[in-house]
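The structure under discussion appears below in the form of structure tokens.
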Amino acid sequence: MSDFYYLIRSKVDGAYVAAHPSLDDAKGFLLMFKEDYDALSYLNTHGKDVADKFAVESISTTQVKGLLKRWGFAGVGIVQDPLVPRVEFLVQE
């Protein structure tokens, strides 16, 4: 397991990019990337028109649980392939 993950965060309002795999799930899943270049690839592929409004930041694995609680996420979505994208969802218990 990596010591750090990379997140995409809005420069406008500070919100993190999240996935909502179900319309019924209002909480969403925090998207996390194993490498900073994967986060940049995702952003440039799927949000090239707004890429300048976002930044990539790192988070240590020890900070993830607190961030999920503070922002009210249901869990995390670890992006395995940023171009497709292929995401592995994990629910926080």
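Just so we're clear, the structure is a prediction, and the values are computed from it rather than from any experiment.
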Chi angles and distances behind the side-chain contact (heavy atoms from CB on, under 4.5 Å) call for Phe54, Val17: CA-CA 9 Å; Phe54 292 88; Val17 172; 3.8 Å; yes
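- Within the model, atoms CZ of Arg70 and CD of Gln63 stand 8.0 Å from one another, a figure rounded to the nearest 0.5 Å.
- Hydrophobic clustering (side-chain heavy atoms under 4.5 Å, transitive across Ile, Leu, Val, Met, Phe, Trp, Tyr) groups Val50 together with Val79.
- In this structure, a donor-acceptor pair under 3.5 Å is absent between the side chains of Ser41 and Asp38.
- Interatomic distance, Asp3 CG to Thr62 OG1, rounded to the nearest 0.5 Å: 9.0 Å.
- In summary, the aromatic rings of Phe33 and Tyr42 are positioned with their centroids under 6.0 Å apart.
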Step by step, work out the side-chain contact (heavy atoms from CB on, under 4.5 Å) result for Ile59 and Leu67. CA-CA 9 Å; Ile59 184 172; Leu67 189 138; 3.6 Å; yes
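- For the side-chain contact (heavy atoms from CB on, under 4.5 Å) with Phe29, the lone residue among Val91, Leu68, Leu90 that qualifies is Val91.
- What you find for Asn44 and Ala51 is that their closest heavy atoms are OD1-CB, 3.8 Å.
- At a threshold of 4.5 Å between non-hydrogen side-chain atoms, the residues Gln80 and Lys34 count as touching.
- Between the side chain of Arg9 and the main chain of Ala15, no donor-acceptor pair closer than 3.5 Å is present.
- Atoms CG and CG, on Asp52 and Leu43 in that order, are 9.0 Å from each other to the nearest 0.5 Å.
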Worked check of side-chain contact (heavy atoms from CB on, under 4.5 Å) between Leu7 and Met32: CA-CA 5 Å; Leu7 314 173; Met32 298 187 348; 3.4 Å; yes
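- Taking every heavy atom of both residues into account, Phe89 and Ala19 meet most closely at CE2-CB, 3.8 Å.
- Two residues are said to be in side-chain contact when any heavy atoms from C-beta on lie closer than 4.5 Å; Tyr5 and Ile78 meet this criterion.
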What's the verdict on side-chain contact (heavy atoms from CB on, under 4.5 Å) for Tyr6 and Tyr37, showing C-alpha distance, side-chain angles and the deciding distance? CA-CA 9 Å; Tyr6 298 88; Tyr37 54 80; over 6 Å; no
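- Judged by distance alone, the side chain of His46 and the main-chain N or O of Val84 form no donor-acceptor pair under 3.5 Å.
- Within a 6.0 Å sphere centred on NZ of Lys11, heavy atoms belonging to other residues, nucleotides or ligands number more than 12.
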